[in-house]
Amino acid sequence: LNARARLRTAANLVWARRAEPSEVSVIMAATFSDWFWNERFWLPQNVTWADLVDPEPGVEYPKAGHILAAFPLALGIFVVRLLFERYIAKPCALRLKIHDDGFRKAQPNAILEKVFTSITKYPDDKRLNGLAKQLDWDVRKIQRWFRQRRNQDKPSTLTKFCESMWRFTFYSSIFIYGIRFLWLTPWFWNTRQCWYNYPYQPLTPGLYYYYILELAFYWSLMFSQFTDIKRKDFLIMFVHHLATIGLITFSYMNNMVRVGTLVMCLHDASDFLLEAAKLSNYAKYQRICDTFFIIFSFVFVTTRLGIFPLWILHTTLFESWEIIGPYPSWWLFNVLLLTLQVLHVFWSYLILCIAYKAMVRGKVSKDDRSDVESSSDEEDTQSNCKKNTNSPLCNKTSGANGTNGHVSADVWTGRY
């Protein structure tokens, strides 16, 4: 009602031409603030924002303003990442004999560049022949140009190793910190403690640092996506990071931080294992890679399909209903968690398929989000396959694109 009254006041002032534009803007901003921070949406029945303004001395509750601290921290994490990759990860990669692939850059050509950027990165035979006549080039030379141009936009093994080592270091460190922090909390052993005396639950320094550090890390990933070399899964990972940031921010502002820490720690349990598998793969330690991937698959499925629904969803849906009862933001929070659970089922299915093929066929293949093409024969083969699907070349079982015991790794390399 207060927001509606302000809105009517602003409209009347504008209609009567008695208000300055700045005054109307202030009223509109206040109206939006009243609407967004509606107590009946964010808080349980009989609780107001005023009840949380002046807690007892030494007690503090989560505030929306705390979230702003994540932005400078995210920038700091991004800088630390750059230093880590250059002075720690890169020397480790060189010691493991992982070098920059040093792909040859394509010869500058305005016509081919326009086709590459505006039309297609994989020209068919008709377009190749047309370009060959237009430029007076051999078709194979044009194929080679497109292959080299595509490889320019793909990160080298050295770059991917440094990126994975940074993520492995952060994920393992934050997981260890989360376990050490939660081990001493009552809600880790009894999830009903997440809801007793809610929302009057004090914010401890350890809980605050845990939340803000996780939030800042995902903001840093958002920043780095626009500076890193873009991969096939750019949009997927962008949406994933955005959803993660939204869940962390929403649960913090709603003071559901206790159950939020359980969700974060549960998801961190498998992430560092995935990065360990990728590091082993880049270093060509295939057996270690396979071992880490199998362990990752087991931990992922166990935590996402077992512990998450039986432990997390049980407390957010049933124990919280019993103790504090439902209200609008409670419904939204649980809808988001249930949506996350649907994604867990989908991802687990894909990961189990890859794990099964890895055990049956021999090994998990490389990260093909950014595969490097090494032979123009592959392009000839692709072209011939379009014409003759029964060609033996189309069913080959060796080489970069063959099976030969290799399993596609689109999922486990981070697309989830």
Side-chain angles (χ1 to χ4, degrees), residues 29-30 32-77 170 173-220 244-268 312 315-316 319-320 323-330 332-334 336-337:
F32 175 79
S33 177
D34 289 342
W35 170 80
F36 183 81
W37 295 109
N38 191 304
E39 295 170 342
R40 297 286 59 83
F41 173 81
W42 289 95
L43 301 174
Q45 293 294 328
N46 302 321
V47 179
T48 66
W49 293 119
D51 298 333
L52 303 173
V53 172
D54 296 316
E56 299 177 1
V59 175
E60 186 172 7
Y61 301 130
K63 298 177 181 178
H66 295 166
I67 299 297
L68 299 177
F71 293 104
L73 184 57
L75 182 60
I77 290 176
F170 180 86
S173 300
I174 198 67
F175 176 67
I176 293 173
Y177 175 84
I179 287 293
R180 291 190 60 184
F181 169 75
L182 290 172
W183 196 267
L184 303 177
T185 61
W187 62 87
F188 183 73
W189 307 100
N190 179 12
T191 53
R192 297 178 70 88
Q193 293 289 338
C194 293
W195 313 108
Y196 289 146
N197 200 35
Y198 177 85
Y200 306 105
Q201 298 173 340
L203 179 68
T204 63
L207 198 158
Y208 170 77
Y209 296 140
Y210 187 22
Y211 242 82
I212 296 300
L213 189 59
E214 285 268 16
L215 181 60
F217 176 72
Y218 282 101
W219 271 117
S220 72
T244 303
I245 289 171
L247 274 170
I248 294 176
T249 303
F250 178 80
S251 61
Y252 187 88
M253 293 191 302
N254 208 23
N255 200 13
M256 292 184 175
V257 290
R258 292 188 175 183
V259 70
T261 56
L262 300 179
V263 174
M264 291 190 301
C265 187
L266 191 67
H267 284 73
D268 291 337
I312 302 297
T315 189
T316 60
E319 292 179 347
S320 63
I323 297 173
I324 63 174
Y327 52 99
S329 66
W330 178 95
L332 177 58
F333 185 64
N334 279 285
L336 294 174
L337 292 179

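When reading the values below, keep in mind they use all heavy atoms of this one structure, side chains included, and skip hydrogens, waters and symmetry mates. Residues take their numbers from the sequence shown, with the count starting at 1.
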How many angstroms lie between [atom1] in [X] and [atom2] in [Y], if you round to the nearest 0.5 Å?
X	Y	atom1	atom2	answer
Ser329	Glu39	OG	CD	12.0 Å
Met264	Ile174	CE	CD1	7.5 Å
Trp219	Ile245	CH2	CD1	4.5 Å
Thr244	His267	OG1	NE2	8.0 Å
Asp268	Ile176	CG	CD1	11.0 Å
Ile179	Trp183	CD1	CH2	7.5 Å

By the salt bridge (Lys or Arg N to Asp or Glu O under 4.0 Å) test, which pairs, at least two apart or in different chains, include something from residues 178-191? none
When the ring planes of Tyr327 and Tyr198 are compared, do they come out parallel, tilted or perpendicular, using 30° and 60° as the limits? parallel
Taking ring-ring contact (aromatic ring centres under 6.0 Å, His included) as the criterion, tell me which of Tyr177, Phe175, Phe217 meets it with Tyr210. Tyr177
Qualifying residue for side chain to side chain contact (heavy atoms under 4.5 Å, CB included) with Thr316, from Val263, Val259, Thr191: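 Of the listed residues Val263, Val259, Thr191, the side chain to side chain contact (heavy atoms under 4.5 Å, CB included) partner of Thr316 is Val259.
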Under the criterion side chain to side chain contact (heavy atoms under 4.5 Å, CB included), which of Ile324, Asn254, Leu52 is the partner of Pro199?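 Testing Pro199 for a side chain to side chain contact (heavy atoms under 4.5 Å, CB included) against Ile324, Asn254, Leu52 leaves exactly one candidate, Leu52.
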Determine whether [X] and [Y] make a side-chain contact, defined as any pair of heavy atoms from C-beta on separated by less than 4.5 Å.
X	Y	result
Arg258	Phe188	no
Leu207	Pro202	no
Phe250	Leu332	yes
Asn255	Tyr200	no
Thr204	Phe181	yes

Are a donor atom and an acceptor atom from the side chains of Ser251 and Tyr211 found within less than 3.5 Å of each other?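 Yes, Tyr211 and Ser251 have a side-chain donor paired with an acceptor closer than 3.5 Å.
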Residues at least two apart in sequence or cross-chain that pass side chain to side chain donor-acceptor pair (under 3.5 Å) with Trp195, listed by chain then number, are Thr315
I'd like to know if the side chain of Gln201 reaches the main chain of Tyr196, judged simply by a donor and an acceptor atom lying under 3.5 Å from each other, with no hydrogens or angles considered. yes
Does the pair Met253 and Trp37 meet the rule for a side-chain contact (heavy atoms from CB on, under 4.5 Å), with working shown? CA-CA 10 Å; Met253 293 191 302; Trp37 295 109; 3.5 Å; yes
For residues 61-77, please give each side-chain donor-acceptor pair under 3.5 Å, one per line with the distance, not counting sequence neighbours.
residue: His66; atom: ND1; partner: Lys63; partner atom: N; Å: 3.3
residue: His66; atom: ND1; partner: Tyr252; partner atom: OH; Å: 2.7
residue: His66; atom: NE2; partner: Glu60; partner atom: OE2; Å: 3.1

I'd like to know whether Trp330 forms a side-chain contact (heavy atoms from CB on, under 4.5 Å) with Trp42, so could you lay out the CA-CA distance, the side-chain angles of the two residues, the decisive distance to 0.1 Å, and finally the verdict. CA-CA 8 Å; Trp330 178 95; Trp42 289 95; over 6 Å; no
